[in-house]
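Let me begin by handing over the structure; questions about it come next.
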Amino acid sequence: MSSTPNNAVPSVGELLKDAPKNWGKWGPDDEVGSLNYLTPDLIVKAAGCIKSGKVFTLQVKMASPEGDPVWPGRSGAIRVNVMDEGHWIAGKGPAFAGGCHYADDYMTCFPQGSTQYDALGHVWCDDQIWNGYDAKTTIGGLSKASIMPIAEKGVVGRGILLDIARWRNKEVLDVGETFTHEDLMACAMAQGTEIQKRDVLVVRTGWIAKFYRVKREEFYGNFVEPGLTYSPELVKWFQDMEIPNLVTDTIANEVTVDPVSGVVLPLHNALMRNLGVTLTEIAWLDDLAADCAADKQYTFLYTAAPLKIVNGAGAPVNPLVIK
Ligand code: UVW
């Protein structure tokens, strides 16, 4: 992936000049966008997807000694012990009345360097973020459309796994391999299910599992992730289907470079900035996918609450799926 501007490539604003927007749909002060579709009646209905009580956690390991999968330029979390039994062995631990000892950690991280929700104001073009807020509201921290309103609201709805890798008979999709909304529908049908309006789409490519299997040079060399690819029809489909949340096991939820226009990450603007679709990235989907393949139940209750990071552009999360 190149970060050098290429004059033959249109700006993302030009590419999306006629693309639909949901700005104003939930009022001038909205900061959670399409999560507004997840209404209480829909949540009650989604709870009906719970059949066996099986629970799956979708966060990847964080601060793992083998490294964490992150967008190039970010680094994985670093956790260090600041208090452990060694302190008492060295005679340096505090002497609490009653003799209690304890362990404590300190961690530095990119909040978007693990399984994470993007704030709606995370990505923009043409000086405006979600809902038309001025891009200057991002300076020094997001004062509009940060991760906070999403964290405070929480995400609960009917989730549907779309196992594109299994559907294409692959362990993992290829570098830069694309799929469309029509593929999502065909995959759902092959699984014996159907995408419903307002479903949380949980899309598996096998990509994050590859991070733990191959050498870093192979994973990051020629870094073009597989994923959904931009088309006006796809954007219209997301809008018509009122999709609240797109969850994937890739780092950026879409093919890194649009193979047609050459634009980097156009869906971040077309879906998140323009429609208010929340993006959840770096999800661990292999255990859930194996279970869905075994019991053929691909729909479930999906729940998630990113951390409440004040003015944050995104936040780590450990989504829970209950079948
Ligand atoms: C970028 O910010 C480039 O990606 P992400 O949305 O994956 O955090």
Side-chain angles (χ1 to χ4, degrees), residues 1 9-23 25 33-38 117-118 120 122-126 130 157-165 167-168 170 173-191 193-207 224-281 283 285 298 302:
M1 185 200 44
V9 173
S11 72
V12 67
E14 277 159 17
L15 181 73
L16 302 180
K17 68 178 177 347
D18 300 319
K21 290 194 182 82
N22 284 336
W23 295 3
K25 183 176 174 116
S34 293
L35 292 181
N36 283 293
Y37 290 131
L38 298 175
Y117 270 74
D118 283 343
L120 290 184
H122 167 50
V123 165
W124 64 91
C125 61
D126 294 344
W130 160 248
R158 188 182 102 130
I160 180 167
L161 178 75
L162 300 159
D163 193 345
I164 299 290
W167 177 58
R168 289 190 174 169
K170 288 181 163 183
L173 297 192
D174 296 336
V175 168
E177 182 171 344
T178 59
F179 49 93
T180 66
H181 61 296
E182 284 170 343
D183 291 319
L184 297 182
M185 288 188 281
C187 173
M189 194 185 285
Q191 294 175 171
T193 183
E194 198 183 1
I195 301 170
Q196 292 181 2
K197 261 187 149 175
R198 303 190 175 192
D199 272 351
V200 174
L201 303 185
V202 181
V203 179
R204 177 173 171 272
T205 66
W207 187 252
V224 184
E225 291 194 294
L228 284 167
T229 185
Y230 169 76
S231 71
E233 294 77 20
L234 176 136
V235 177
K236 180 85 173 54
W237 182 82
F238 266 80
Q239 187 183 40
D240 290 348
M241 290 297 286
E242 303 182 341
I243 300 300
N245 190 183
L246 172 66
V247 181
T248 81
D249 64 345
T250 64
I251 297 173
N253 268 13
E254 60 177 303
V255 66
T256 310
V257 183
D258 172 14
V260 177
S261 66
V263 169
V264 174
L265 303 182
L267 292 180
H268 272 59
N269 277 287
L271 299 183
M272 183 166 67
R273 170 196 184 253
N274 287 358
L275 298 185
V277 177
T278 47
L279 300 186
T280 310
E281 298 158 329
L285 300 181
Y298 287 87
Y302 174 92

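All values derive from a computational prediction rather than experimental measurement.
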* Structure fact -> The side-chain contact (heavy atoms from CB on, under 4.5 Å) partners of Ala252 (sequence neighbours excluded) come to Trp71, Glu225, Leu265, His268, Glu281
* **Min side-chain heavy-atom separation Thr180-Ser231 under 4.5 Å** => no
* Compare all side-chain heavy atoms of Asp258 with those of Thr229 and state whether any distance is below 4.5 angstrom. => yes
* By salt bridge (charged side-chain N to carboxylate O under 4.0 Å, His left out), which residues pair with Asp183, not counting sequence neighbours? -> Arg168
* Answer yes or no: is there a donor N or O on one side and an acceptor on the other, between the side chain of Asn274 and the main chain of Leu271, under 3.5 Å? => no
* **Note, Arg273 side chain near Lys21 side chain (heavy atom, < 4.5 Å)** => yes
* Asked: Can you name the side-chain hydrogen bond (donor to acceptor under 3.5 Å, both in side chains) partners of Asn269, sequence neighbours left out?
  -> none
* Asked: Would you say the side chain of Glu233 lies within less than 4.5 Å of the side chain of His181, judging by non-hydrogen atoms?
  -> yes
* **Reference residue Leu201; test side-chain contact (heavy atoms from CB on, under 4.5 Å); the match among Ile195, Val247, Leu161** => Ile195
* Structure fact -> Hits for salt bridge (charged side-chain N to carboxylate O under 4.0 Å, His left out) against Asp240, two or more places apart or cross-chain, chain-then-number order -> Lys236
* Asked: Of Leu246, Thr205, Asn253, Thr178, which meets side-chain contact (heavy atoms from CB on, under 4.5 Å) against Leu228?
  -> Leu246
* **Qualifying residues under side-chain hydrogen bond (donor to acceptor under 3.5 Å, both in side chains), relative to Asn245, sequence neighbours excluded** => Tyr117, Thr278, Thr280
* Where do Trp124 and Trp130 land on the side-chain contact (heavy atoms from CB on, under 4.5 Å) test, with the steps shown first? -> CA-CA 8 Å; Trp124 64 91; Trp130 160 248; over 6 Å; no
* Lys197 NZ to Tyr37 OH distance, which is reported to the nearest 0.5 Å -> 8.0 Å
* Asked: Quick one: are Met189 and Glu194 in side-chain contact, heavy atoms under 4.5 Å?
  -> no
* Residue pair Val235, Leu275: steps toward the side-chain contact (heavy atoms from CB on, under 4.5 Å) verdict -> CA-CA 9 Å; Val235 177; Leu275 298 185; 4.0 Å; yes
* To do: Show your reasoning for whether side-chain contact (heavy atoms from CB on, under 4.5 Å) applies to Thr248 and Trp207.
  => CA-CA 9 Å; Thr248 81; Trp207 187 252; over 6 Å; no
* **Spacing of Lys25 atom NZ and Glu242 atom CD [to the nearest 0.5 Å]** => 5.5 Å
* **Short side-chain donor-acceptor distance under 3.5 Å, Asn22 and Gln239** => yes
* For Asp174, all residues meeting salt bridge (charged side-chain N to carboxylate O under 4.0 Å, His left out), sequence neighbours excluded -> Lys170
* Would you please test Val200 and Ile160 for side-chain contact (heavy atoms from CB on, under 4.5 Å) and show each step? => CA-CA 6 Å; Val200 174; Ile160 180 167; over 6 Å; no
* Partner of Arg204 by side chain to side chain donor-acceptor pair (under 3.5 Å), out of Asp163, Asp249, Thr250 -> Asp163
* What is the distance from atom CH2 of Trp237 to atom CE of Met185, rounded to the nearest 0.5 Å? -> 6.0 Å
* Asked: Is there side-chain contact between Phe238 and Leu267, with at least one heavy-atom pair below 4.5 Å?
  -> no
* To do: Determine whether Leu173 and Phe179 make a side-chain contact, defined as any pair of heavy atoms from C-beta on separated by less than 4.5 Å.
  => yes
* Is there side-chain contact between Cys187 and Leu184, with at least one heavy-atom pair below 4.5 Å? -> no
